[in-house]
Structure formats: C-alpha cells, structure tokens
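Note sheet for the following structure.
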Amino acid sequence: MDQKQLEQEVNKRRTFAIISHPDAGKTTITEQMLYFGGVIRSAGTVKAKKSGQFATSDWMEIEKKRGISVTSSVMQFHYHDKDINILDTPGHEDFSEDTYRTLMAVDAAVMVIDSAKGIEPQTKKLFKVVKKRGIPIFTFMNKLDRDGRDPLDLIAELEDLLNIEGCAMNWPIGMGKELKGLYDISNNRLELYRKDGDDRFLPLNDKGQLAESNPIEEEGVYEQALGEVDLIKEAGNKFDLDKVLAGNQTPVFFGSALTNFGVETFLNTFLDMAPAPTEHKEQDSEEVVKPDDPTFSGFVFKIQANMNPNHRDRIAFVRICSGEFVRGMDVTLNRTGKVMRLNNATEFMSDQRETVKTAVAGDIVGLYDTGNFQIGDTIYEGKKSVQFEDLPQFTPEMFMEVQAKNVMKQKSFHKGMQQLVQEGAVQLYKKYTTNDYILGAVGQLQFEVFQFRMKNEYNCDVVMKPIGSRIARWVDPEQLDASMSSTRNMLVKDLDDKPLFLFENKFAENWFANKYPNVKLTSKL
C-alpha cells in the first residue's frame with residue numbers, strides 16, 4: 001500500500017488493554033464490546049458455568065473451570081470506522097508479569113473498578129505500570145446495578161490513591177435497586193436504565209435540564225443526581241484531552257457491564273478520544289520508530305503454546321510498531337541476525353483464528369513459531385537494524401522442584417517444560433551440579449496452571465515439591481566459588497546458564513553479604 005493509504009489505515013487502529021482487580025468485571029465488559037462489534041451474538045458472562053456459555057476471551061480449559069483469566073487474550077474487530085485490538089489481561093495477581101508485558105504493547109488502557117469495592121491492590125499495581133509508560137487511562141466504574149459506594153468518594157479515591165485527576169463524563173442516577181439511569185455530561189443527555197434502542201436517550205437543554213418532561217423527574221434520586229452534577233460542573237476537574245493523552249487525567253464513566261448499561265456510550269466516547277498507534281523508542285538510543293514509517297518492525301510480547309490442542313502449535317504475539325506486515329515477507333530477528341520468512345500468521349478472535357494477509361502498525365499478529373522466538377524479540381524489515389526497549393522481567397519469589405511422575409514420559413516432560421517456560425509465566429532453573437529442574441514463579445496459581453497444562457496438553461503428570469519462597473540473586477560467574485553454596489543459599493543456573501543463589505530469607509542473604517563483601521549480587525525487577 002502507498003504512504004497515504006498506510007497513514008489512513010494506521011489512524012483507524014485503536015489498540016488497548018483492559019486492566020482490573022480480579023472480579024471487577026473486566027472480561028464481562030470485553031464481551032459487551034465484542035457484542036457491539038458484531039463479533040458475538042450474545043455476551044456470555046464468566047459466571048455462566050451451568051449454561052455452558054463461557055466468555056469468549058477465556059479460552060483455556062483451566063480458565064473455564066475456574067472462571068478467571070490467566071492468559072492475555074487478543075481480540076480484533078471492526079466497529080464504526082475503527083479497527084480495534086483489545087488485549088484482555090489476567091486480573092489475577094499471580095499473572096501480573098504477563099499483564100506487565102502486555103501493557104508494553106498497547107496505546108491506551110481501560111481500568112475497570114468495582115463501584116462497591118473501589119480501588120483494590122491489583123488495580124493499584126497495574127495502574128503504576130500504565131502510569132510509568134505515560135499512556136492514557138480511561139476508567140469504567142462498574143456494577144452500578146448493585147449498591148456501591150458514593151460516586152464522589154470513588155473519584156476522590158482515584159485522586160488520592162493513584163494520584164491522577166478524575167473527570168466524570170457521566171453520573172449515576174441512583175444505584176442498585178434504585179438505579180434509574182445515567183446523566184451523560186459529555187453528550188448532554190440522559191440514558192435511561194432498562195430501556196432499549198434510542199428510546200433510552202433523553203435530550204437535555206442548554207441549562208442541563210430535560211428538554212421534555214419525563215416520569216424520571218418525580219424520582220428523588222434524579223434530584224440528587226442533578227445537585228451532584230451541578231457541583232461537579234462547578235468544582236470538579238475540567239475535562240482536558242491533552243492531560244488525558246499525557247496520562248495525567250482519566251475520564252470516568254459509570255455503568256454496569258453485566259446488564260450492558262452505559263457500555264456502548266463508553267465505547268463510543270473512548271474510541272473518539274483514544275490515540276491512534278504511537279511511536280516506540282529504540283533501546284540505548286534517542287531514536288524513535290514512527291507507526292507510519294513504511295518499513296515493517298515489531299516486537300514479541302507474548303508466546304502461547306497449544307492455543308489449538310489438536311495441532312500442538314505455538315504462537316508468538318507480535319505488536320506491529322511500523323509499516324505493513326505482508327504474508328510471506330522476509331524479516332530479520334535482531335537477537336540472532338537470522339533472516340526468516342513469515343509465511344504463517346494469524347489474527348485473533350480469542351481461540352477463533354483467521355489467516356492474515358496484511359496488517360499495519362497498531363495491529364497484533366500471531367506468528368506460528370517452531371521455537372525461533374523469545375519474549376522481547378524485535379523483528380524488522382530492510383537493512384537498518386532496529387531493537388526496541390527490553391520488556392520487564394521479574395524475579396520469582398516462590399520455587400518448586402519438579403520432575404516427571406513417570407520416568408517413561410521424559411520426552412513429553414522435557415518438551416512441555418521447554419514450551420511452557422518460553423511463554424514466560426514460570427521461570428526454569430537447574431541445580432548447579434545435578435541439573436535437576438526448579439521452577440520459579442511470582443505466585444502459587446502459576447504452578448497450578450503449569451501442572452494442569454502439563455497433564456492436559458502434554459499428557460505428563462508432574463511431581464512438584466515446594467522449596468518455599470526464596471530470594472533470587474544473580475552472581476557474577478567470575479566471582480563464584482561453588483563452595484559458597486549451602487542449604488540456606490542454593491546455587492542454581494538460569495536458562496542462559498547464568499549462576500544465581502536462592503536465599504532462604506533476608507537473614508541468609510545478609511549473612512552471605514557480610515561473609516563475601518566483594519561478591520556483587522543483582523536482582524531483576
């Protein structure tokens with residue numbers, strides 16, 4: 001495609017992640033968006049276990065059983081004049097590492113908050129990562145169909161806990177059983193609860209009052225909402241799109257994803273405000289790669305094995321940063337300098353996939369991978385070398401010794417270990433002298449998912465023996481003497497054969513530092 005066409009296509013793209021604490025309703029709001037995009041005929045909620053109707057974005061077997069998202073799904077659809085890429089991230093804190101990497105691949109974030117609980121620990125953690133990247137954040141206060149906290153308190157909490165200005169775009173008229181509607185400040189209209197089609201919208205006049213009389217005016221909650229809206233207009237933060245785009249102000253929308261109330265208005269307003277694909281910084285350089293640069297480049301932010309268990313496949317998720325992806329093109333993998341042809345690529349609708357022929361900056365494509373890619377890899381077209389910034393890596397806190405239950409299953413055990421470790425959810429170490437396997441993870445759930453997937457996807461039962469929480473610290477090989485190791489500081493090596501100690505506790509680490517003051521110990525994030 002020519003330069004003008006490329007610019008037009010890139011400007012249509014909106015790529016964003018949805019973040020929240022577990023159970024705030026993130027997967028449900030994703031479903032509603034897919035419903036508006038005409039991708040699904042009915043939005044299944046995660047809780048619909050008995051009906052057998054599971055959320056489209058929760059495709060992995062364990063997710064269906066437990067009703068949680070543990071991998072970041074990618075969903076793509078066309079809505080109005082925009083091409084949308086939604087990345088639904090795991091809410092569970094044990095999978096925060098997957099979420100952090102996903103946040104490196106988006107241009108905006110939607111933060112879903114349970115209006116009864118307010119800001120919860122995981123939301124705060126994820127928000128910090130988004131804020132650090134300086135990307136725009138849009139807030140959806142969910143579950144208005146239940147009794148929740150005072151809306152003014154919720155906005156005040158945003159400012160106190162997250163240190164970001166909150167600007168109300170609409171305002172609830174009642175909540176729970178008393179919920180009557182939303183006062184839509186940004187569109188100057190009312191949206192009535194439990195009404196369908198355009199009948200649910202009532203226009204307001206210049207003074208912000210109903211243009212025509214309606215029974216809602218008799219409701220006490222309506223009078224209360226009017227008073228609060230007046231207060232917000234007078235004393236609240238003034239909407240400032242520049243501040244929003246810089247990540248210093250968040251537009252706040254109220255609604256209920258479960259009853260599909262306020263979601264469509266939110267989606268429309270969000271797509272009007274959210275940025276098109278932005279530039280990406282190169283590593284160790286002041287240079288940036290612009291999305292409308294005609295030369296293709298992108299980076300791998302996620303690897304997922306067995307999305308289709310029948311085919312034992314492995315897919316590398318690539319965020320395109322510039323130019324156009326064309327099936328069959330040749331690219332260079334920066335880490336190895338190897339040139340490869342990209343014949344097999346796919347677009348996503350969760351586990352539904354279509355072969356992609358072309359895609360542009362902002363899109364996410366899945367490359368069928370036979371083991372060439374690692375998380376964080378940069379691929380590029382042409383002679384000029386490109387290397388994007390490193391993705392965050394985390395130091396595990398919990399460790400398990402792991403082996404195959406059945407000695408005859410060694411082949412599938414090693415294959416499963418290798419593939420699941422490359423996805424980045426668990427990290428693999430080997431004992432320094434015996435090469436016995438040790439797994440490290442940020443949280444317990446990652447081990448459970450690992451064990452479940454080894455059995456279900458690789459037909460291999462594993463025995464896992466906890467060695468508890470440990471402090472992992474890397475050591476310079478030139479300063480290492482194997483006799484430094486003891487029961488309190490186990491010596492292991494990582495996938496790159498770099499040595500590290502797993503200290504039993506802080507006391508053991510301090511004791512080591514005092515005994516060997518010249519030995520430098522380092523950690524990851």
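Remark: Glu282 engages no residue in a side chain to side chain donor-acceptor pair (under 3.5 Å) (not counting sequence neighbours). Applying the side-chain contact (heavy atoms from CB on, under 4.5 Å) criterion to Thr265, with sequence neighbours excluded, gives Asp184, Asn187, Arg189, Glu191, Phe201, Thr269. With sequence neighbours excluded, no residue satisfies salt bridge (Lys or Arg N to Asp or Glu O under 4.0 Å) with Glu324. Listed by chain and residue number, Tyr79 satisfy the side chain to side chain donor-acceptor pair (under 3.5 Å) test with Asn268 (two or more places apart in sequence, or in another chain).
With Phe254 as the partner, the ring pair (Phe, Tyr, Trp, His ring centres under 6.0 Å) test is satisfied by one option alone out of Trp171, Phe261, Phe140: Trp171.
In this structure, the side chain of Asn85 engages the main chain of Gly362 through a donor-acceptor pair within 3.5 Å. In this structure, Glu157 contributes its side chain and Ile119 its backbone to a donor-acceptor pair below 3.5 Å.
Judged by the 6.0 Å and 45° rule, Lys180 forms no cation-pi pair with Tyr193.
Within the structure, every pair that satisfies the salt bridge (Lys or Arg N to Asp or Glu O under 4.0 Å) test and touches residues 227-253, not counting sequence neighbours, is listed here: Glu165-Lys243. Annotation: ring pair (Phe, Tyr, Trp, His ring centres under 6.0 Å) contacts involving residues 143-165, sequence neighbours excluded, are absent.
The closest side-chain donor-acceptor pair between Asp107 and Thr278 falls under 3.5 angstrom.
Ring geometry for Tyr429 against Phe399 counts as tilted: the plane angle lies between 30° and 60°, on a 0 to 90° scale.
Side-chain contact between Pro251 and Val244: present, with at least one pair of heavy atoms (C-beta onward) separated by less than 4.5 Å.
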